[in-house]
Amino acid sequence: MKNFLTAAATAILCIGAIFTTNKADACSRVLYVGDGGLRIVGRSLDWRTPIPTNIYVYPRGMHKVGNSLPNSVEWTSKYGAVYAVGYDGGVTEGMNEKGLVVNGLFCVGSVYTNAQTQNRPPMSLAMFPAWLLDTCANTAEVVALMKQHNFNLTGAEFDNGTTSALHWGVTDAEGHSAIIEFADGNINVYEGDDIPVLTNDPAFPDMNAINDYWRKVGGTNMLPGTVRSSDRFVRAYFFDEHVEKTADTDLGVFITRSILMNVSVPYTYTIDEAKEVSSTQWRSFSNIRDKRYYFDVATNYGLFYVDLNKIDLKPGSPVMKLDVSKSKEYVGDATKHMFRTQPFTPMY
């Protein structure tokens, strides 16, 4: 991956960031690229309190709106998709039938609106990932949509007044990735082939500068070990770069899972002087090649998945749901446990 800063600036920035960055607002994303077209996007969802998350599969051909406000963004879905839906009210991430994956991770510095965006069609954070997955076949189409920026992104508060400050990792079956960040109402898009890692703060170029510093140190000699965002980024990047490459579906998931476990925050772990540190609630694994979406709840015994190949995605097909609260003993293919349901009600 291309360096974002010169070597001199990198050294200054990295030293400062390593010793002054205290945020660990959690969530990690890692892309495993194996053989035979195998690509698996793993992510951890870390938060200070449990975020009830259920899995929904939506078919093609559904009309949706991005917000309850007048003149909101509207669309009809071109592609069926699986979503992870927090509180049964907002899409956290997902994968569509074309293999496009969108993951939302916390990034505290995110500012979505400014004076120029105020009169653009409203779009809620609760529906933003669904909009991308429903209407885009690949990363290039997502980037084109972002460059138009014909929307005003806002979100409802949750968890006793928390506002979702997010950035997004986008990955497709062609091996193209993008990181989408909002700064002062403007969209910054960083594109590349198979971008391997995303965590939280600081912004993506600065995070890569920190990682460049550690790559020169050499991971076999020393790796940063805390749960803060920059340390997790460096560890995930190193292990993702050095693990075995395989075409085997199961082995690929297990390898990706082991990397994410290395950068997850132990369940119930807290730091008195860093209240923002959050433990891992669940991990997901989007197998782009085989169209399987895996879920790994921290308090469950096993890893289970939904197979998009086994679900009817034709227009007019029902919305399907997997109640994760009942998944304690699910292991392996859990597609048969999905049931017909009404669409979730967005928390606009």
Side-chain angles (χ1 to χ4, degrees), residues 1-6 9-10 13 16-17 21 23 25-27 29 43 65-67 69-75 90-93 100-136 138-158 162-172 176-193 195 197-212 229-230 233 348:
M1 187 182 299
K2 294 182 179 178
N3 295 340
F4 290 88
L5 301 174
T6 65
T10 296
L13 173 64
T21 300
K23 295 186 183 300
D25 303 282
C27 303
R29 166 207 168 273
R43 71 82 51 85
V65 293
N67 208 311
L69 298 173
N71 303 313
S72 295
V73 177
E74 297 185 38
W75 69 95
V91 179
T92 302
E93 64 166 26
L100 179 70
V101 177
V102 176
N103 309 100
L105 283 70
F106 265 81
C107 184
V108 173
S110 300
V111 177
Y112 305 120
T113 64
N114 58 30
Q116 287 70 46
T117 69
Q118 292 298 323
N119 295 321
R120 296 174 187 173
M123 167 60 70
S124 169
L125 286 167
M127 293 299 292
F128 181 66
W131 180 42
L132 305 183
L133 293 166
D134 289 354
T135 61
C136 299
N138 52 41
T139 301
E141 293 184 9
V142 172
V143 171
L145 195 60
M146 292 302 96
K147 288 183 177 179
Q148 293 175 21
H149 200 175
N150 189 29
F151 60 92
N152 186 46
L153 187 62
T154 59
E157 293 182 345
F158 75 102
T162 300
T163 300
S164 292
L166 303 169
H167 58 178
W168 289 267
V170 180
T171 313
D172 66 20
H176 190 60
S177 300
I179 305 302
I180 300 168
E181 297 186 332
F182 285 73
D184 298 321
N186 300 310
I187 301 177
N188 297 323
V189 178
Y190 307 98
E191 300 181 66
D193 293 332
I195 295 175
V197 179
L198 179 66
T199 53
N200 312 112
D201 301 342
F204 191 62
D206 297 345
M207 190 70 82
N208 275 279
I210 295 171
N211 191 51
D212 287 344
S229 176
S230 55
F233 188 104
Y348 294 124

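One is the number of the first residue; the rest follow in order along the sequence.
Contacts of F233 classified as ring-ring contact (aromatic ring centres under 6.0 Å, His included), with partners at least two apart in sequence or in another chain: none. Residues passing the side chain to side chain donor-acceptor pair (under 3.5 Å) test with T92: none are found, sequence neighbours excluded. Not counting sequence neighbours, the partners of F151 by the ring-ring contact (aromatic ring centres under 6.0 Å, His included) test are F128, W131, H149. The side chain to side chain donor-acceptor pair (under 3.5 Å) search around Q116 returns none, not counting sequence neighbours. With sequence neighbours left out, the salt bridge (Lys or Arg N to Asp or Glu O under 4.0 Å) criterion links R43 to E93. With sequence neighbours left out, the side chain to side chain donor-acceptor pair (under 3.5 Å) criterion links T117 to N152. Partners of N188 according to the side-chain contact (heavy atoms from CB on, under 4.5 Å) rule, which considers only residues two or more places apart in sequence or in another chain, are A183, Y190. Partners of T139 under the side-chain contact (heavy atoms from CB on, under 4.5 Å) rule, at least two apart in sequence or in another chain, are L100, V143, V170, D172, H176, A178.
Two residues are said to be in side-chain contact when any heavy atoms from C-beta on lie closer than 4.5 Å; T113 and T154 meet this criterion. Side-chain contact between V73 and V65 is absent, with no heavy atoms from C-beta onward closer than 4.5 Å. Considering only heavy atoms from C-beta on, P121 stays 4.5 Å or farther from E74 through its side chain. Proximity of V102 to V91: side-chain heavy atoms (C-beta onward) are nowhere separated by under 4.5 Å. Residues M207 and L198 have side chains not in contact (no heavy-atom distance under 4.5 Å, counting atoms from C-beta outward). Proximity of W168 to M146: side-chain heavy atoms (C-beta onward) are nowhere separated by under 4.5 Å.
Residue pairs that meet the salt bridge (Lys or Arg N to Asp or Glu O under 4.0 Å) test with at least one member in residues 176-187, sequence neighbours left out, do not exist here. Residue pairs satisfying the salt bridge (Lys or Arg N to Asp or Glu O under 4.0 Å) criterion with at least one member in residues 107-135, sequence neighbours excluded, are listed as follows: K64-D134.
The two residues I195 and G192 come nearest to each other via the heavy atoms CD1-N, 3.7 Å. Here the shortest heavy-atom pairing between E141 and C136 reads OE1-CA, 3.3 Å. The nearest pair of heavy atoms linking T135 to L145 is OG1-CD2, 4.2 Å. The heavy-atom pair separating T171 from S177 by the smallest distance is CG2-OG, 3.9 Å. Closest approach of P202 and D206 over heavy atoms only: CG-CB, 3.7 Å.
S229 places a side-chain N or O within donor-acceptor distance of the main-chain N or O of D201, the cut-off being under 3.5 Å. Between the side chain of S110 and the main chain of A165, no donor-acceptor pair closer than 3.5 Å is present. Judged purely by atom type and a 3.5 angstrom limit, N200 uses its side chain to pair as donor or acceptor with the backbone of F106. Between the side chain of Y348 and the backbone N or O of L69, no donor-acceptor pair lies under 3.5 Å. Of the possible polar contacts, none joining the H167 side chain to the G109 backbone as a donor-acceptor pair under 3.5 Å is found. Between the side chain of N186 and the backbone N or O of F182 there is no donor-acceptor pair closer than 3.5 Å.
A distance of 6.0 Å separates OG in S164 from CG in L125, rounded to the nearest 0.5 Å. Atom OG of residue S72 and atom CG of residue N67 lie 4.5 Å apart, to the nearest 0.5 angstrom. Annotation: the span from L153 atom CG to M127 atom CE amounts to 12.5 Å, rounded to 0.5 Å.
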Please walk me through it: do D212 and I210 pass side-chain contact (heavy atoms from CB on, under 4.5 Å)? CA-CA 5 Å; D212 287 344; I210 295 171; over 6 Å; no

Evaluate side-chain contact (heavy atoms from CB on, under 4.5 Å) for I179 paired with V189, printing each intermediate quantity in order. CA-CA 6 Å; I179 305 302; V189 178; over 6 Å; no

